Amino acid sequence: MGYSSSGGPAGAGPGRRSRQLALAGSSMLALWLYALYSCAGHCATAPAHERAAPPVAAAAAAAVASSARLRARPELYYYDSASENNNNNNDNNAESAGEMERGASALSSLASGAGFRRLPQALIIGVKKGGTRALLEFLRVHPDVRAVGAEPHFFDRNYQNGLQWYRDLMPKTLEGQITMEKTPSYFVTREAPARIYAMSRDTKLIVVVRDPVTRAISDYTQTLSKKPDIPSFESLTFKNRTTGLIDTSWSAIQIGIYAKHLDNWLQYFPMRQILFVSGERLISDPAGELGRVQDFLGLKRIITDKHFYFNQTKGFPCLKKAEGSSKPHCLGKTKGRTHPNIDPEVVQRLRDFYRPFNMKFYQMTGHNFGWD
C-alpha cells in the first residue's frame with residue numbers, strides 16, 4: 001500500500017478530510033440547534049425583567065448571540081424576494097452557493113435603492129381619538145420614516161396570519177430608515193405587549209394620550225356619525241344615573257383609564273422604550289412634540305415649525321407640504337368633528353371618576369399632562 005506525503009494511505013487524504021469536515025459541521029449544527037431550542041420558549045415569552053440567558057456552554061452561548069443579532073435585524077433574514085435579481089444559476093444542488101448568491105443579490109438591490117420590507121422597529125400603539133393619525137402623517141414627512149398608511153391590526157385582530165403576512169404589509173426601506181405602523185387599539189389589547197415582545201423586545205412604542213373626558217366625547221362623536229340612533233352620551237356613561245356609578249365596561253370610558261393599560265405594558269417593556277405624546281400639545285405645539293418623537297426614534301430633527309400652519313376652520317395644525325406632495329395637506333373631514341353638547345354635570349362626574357387614575361398615570365410616566 002502506498003502512502004501520501006502527509007503520512008496517510010495514498011488517495012485517502014481528501015476523502016478523510018471531507019468526512020472530518022462533515023462531522024465537525026454536523027457537531028456544530030447539533031450544538032447550535034440545542035442552544036436555540038433551549039432558549040426559544042424563554043426568549044419568546046419572558047418579561048423584560050427576566051431576560052438573562054439560560055446557562056449554556058460557551059459555544060452554545062455564541063450561537064444564541066448570533067441568533068439574537070439576526071432577530072434584532074429582521075432585514076437579514078426577511079429578504080424581499082421581489083427585489084432579487086435573477087442569477088440564472090442552474091446548479092440546483094449547490095444550496096450554500098445559492099444562499100450566498102441570494103445574499104449578494106439582496107445587497108445589490110439595497111444599493112440600487114430597491115430596499116427591503118422589514119418588521120417595524122417602532123409602533124404607535126394608542127390611543128384611539130388621541131391624535132395618532134395626525135402624528136403618523138406628520139412623521140411621514142421625515143425622509144427616514146416609512147410607514148403603513150392603513151392600520152394593520154396585526155397584534156389584536158390578525159395575529160393568526162403570522163409575521164410573514166405582517167412584514168409583507170410594510171413599505172420597503174433603505175438602510176438607516178425606520179419602518180413604522182399605527183394601530184391605536186393595541187394599547188388596550190391585553191395580548192398585544194407579549195406578542196410585540198415576541199417579535200422584538202427592542203421595539204419602540206409611542207402612545208398619544210389626551211384628556212380622557214374629551215377623548216371619550218370624541219369617541220362617542222365618531223360612533224354617532226356612523227350610527228345616529230345610538231343612545232345619548234349621558235345614558236351610556238352611567239350604570240345608574242341616580243347613584244352616579246360610571247359604566248367602565250363602555251369602551252369609550254374604559255380606554256381612558258390609562259394607568260390600568262400601562263401596567264400591562266410594563267410587564268414586558270421598560271419605560272425608556274415608551275414615549276407618551278400629549279394630544280393637546282400636538283395641536284398647540286406640533287413642532288415641539290415632533291421634536292421629542294424624533295429624538296426618541298434616534299432621528300435628526302428635520303420636522304420643525306416651518307412644516308406647519310394652523311387651520312382656523314378645523315382648529316388644528318396642517319402640513320404645508322405632505323409626503324410626496326408640494327401642496328398643503330390637512331387631515332380629512334372625519335377629523336375635527338364638532339362635539340355634541342354634554343350636560344356639564346356629567347362632564348364633572350367623569351372628571352371626578354378619572355382623577356385618581358390620572359394621578360397614578362402622572363406618577364408612572366413622570367409627567368403631569370394637566371387634565372385636572
Side-chain angles (χ1 to χ4, degrees), residues 68-85 102-125 131-155 163-184 186 196-208 269 272-275 277 282 286-287 289-304 306-308 319-326 329:
R69 284 194 296 273
L70 287 175
R71 191 164 178 250
R73 295 279 306 278
E75 67 271 23
L76 296 179
Y77 63 103
Y78 279 118
Y79 173 61
D80 185 2
S81 59
S83 302
E84 183 180 355
N85 296 323
R102 282 191 289 275
S105 178
L107 292 174
S108 175
S109 297
L110 185 62
S112 66
F116 296 89
R117 297 189 194 279
R118 296 176 172 88
L119 292 170
Q121 298 102 315
L123 301 171
I124 300 175
I125 60 173
T132 58
R133 172 54 59 184
L135 177 61
L136 185 69
E137 292 301 310
F138 295 163
L139 276 174
R140 291 173 78 176
V141 173
H142 200 293
D144 290 334
V145 172
R146 299 282 284 130
V148 183
E151 295 173 4
H153 283 280
F154 176 64
F155 295 104
L163 284 173
Q164 181 68 26
W165 176 89
Y166 185 46
R167 183 191 69 89
D168 288 342
L169 297 178
M170 299 299 135
K172 293 180 181 179
T173 55
L174 301 175
E175 191 67 32
Q177 291 183 320
I178 292 177
T179 302
M180 294 186 66
E181 68 111 324
K182 76 106 176 170
T183 303
Y186 290 162
I196 294 171
Y197 181 89
M199 176 187 72
S200 173
R201 68 180 66 180
D202 299 318
T203 306
K204 292 185 176 182
L205 308 170
I206 300 173
V207 190
V208 187
F269 292 94
R272 66 178 179 274
Q273 279 177 238
I274 309 174
L275 178 71
V277 174
L282 198 58
E289 285 300 279
L290 264 293
R292 293 179 60 238
V293 176
Q294 290 171 96
D295 291 347
F296 175 70
L297 295 175
L299 298 170
K300 183 179 179 181
R301 284 200 178 198
I302 289 177
I303 306 171
T304 61
K306 68 181 182 181
H307 289 91
F308 301 99
L319 289 168
K320 291 181 179 178
K321 291 183 181 180
E323 180 194 31
S325 173
S326 60
H329 171 69

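Quick caveat, the model's predicted, so the values are computed rather than measured. Note that these values count all heavy atoms, side chains included, but never hydrogens, waters or copies made by symmetry.
Across V141 and H307, no two heavy atoms sit closer than the pair CG1-CD2, 3.6 Å. Across all non-hydrogen atoms, the minimal contact from T179 to L119 is CB-O, 4.2 Å. Nearest heavy atom pair, residue Y166 against residue M199, reads CE2-SD, 3.9 Å. Residues I124 and L135 share a closest heavy-atom pair of CD1-CD2, 3.9 Å. The shortest heavy-atom contact between T132 and P184 is OG1-CG, 3.4 Å. Between L136 and G149 the shortest heavy-atom distance is CD2-O, 4.3 Å.
L123 has its side chain within reach of F155: a pair of non-hydrogen atoms, C-beta onward, lies under 4.5 Å apart.
The backbone N or O of I302 sits less than 3.5 Å from a side-chain atom of Q294, completing a donor-acceptor pair. Of the possible polar contacts, none joining the R146 side chain to the Q177 backbone as a donor-acceptor pair under 3.5 Å is found. Side chain of R117 to main chain of M170: a donor-acceptor pair is present (N/O by atom type, distance under 3.5 Å, no hydrogens or angles). Formation of a donor-acceptor pair under 3.5 Å by the Q273 side chain with backbone atoms of R201 is found in this model.
Annotation: the span from M180 atom CE to T203 atom OG1 amounts to 11.0 Å, rounded to 0.5 Å. With rounding to the nearest 0.5 Å, the separation of CG in L163 from CG in D168 is 11.0 Å. The CG atom of L139 sits 5.5 Å away from atom CG of L290, with the distance rounded to the nearest 0.5 Å. Between atom CG of residue L297 and atom CZ of residue R292 there is a gap of 11.5 Å, rounded to the nearest 0.5 Å.
By the salt bridge (Lys or Arg N to Asp or Glu O under 4.0 Å) test, D144 is found to be paired with no residue, residues two or more places apart in sequence or in another chain being considered. Residues meeting the salt bridge (Lys or Arg N to Asp or Glu O under 4.0 Å) test with E181, sequence neighbours left out: none.
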Side chain to side chain contact (heavy atoms under 4.5 Å, CB included) evaluation trace for D202 with Q121: CA-CA 8 Å; D202 299 318; Q121 298 102 315; over 6 Å; no

Steps toward side chain to side chain contact (heavy atoms under 4.5 Å, CB included) verdict (F269, I196): CA-CA 10 Å; F269 292 94; I196 294 171; 3.7 Å; yes

Salt bridge (Lys or Arg N to Asp or Glu O under 4.0 Å) assessment of K182 paired with E137: CA-CA 11 Å; K182 76 106 176 170; E137 292 301 310; over 6 Å; no

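Between F138 and F308, the ring planes are perpendicular. Angles over 60° get that label, and only those under 30° would be called parallel.
Checking each of I303, L275, L282 against V293 for a side chain to side chain contact (heavy atoms under 4.5 Å, CB included) leaves exactly one that passes, namely L275.
Here R301 pairs with D295 in a salt bridge; the nearest charged N to carboxylate O distance falls below 4.0 Å.
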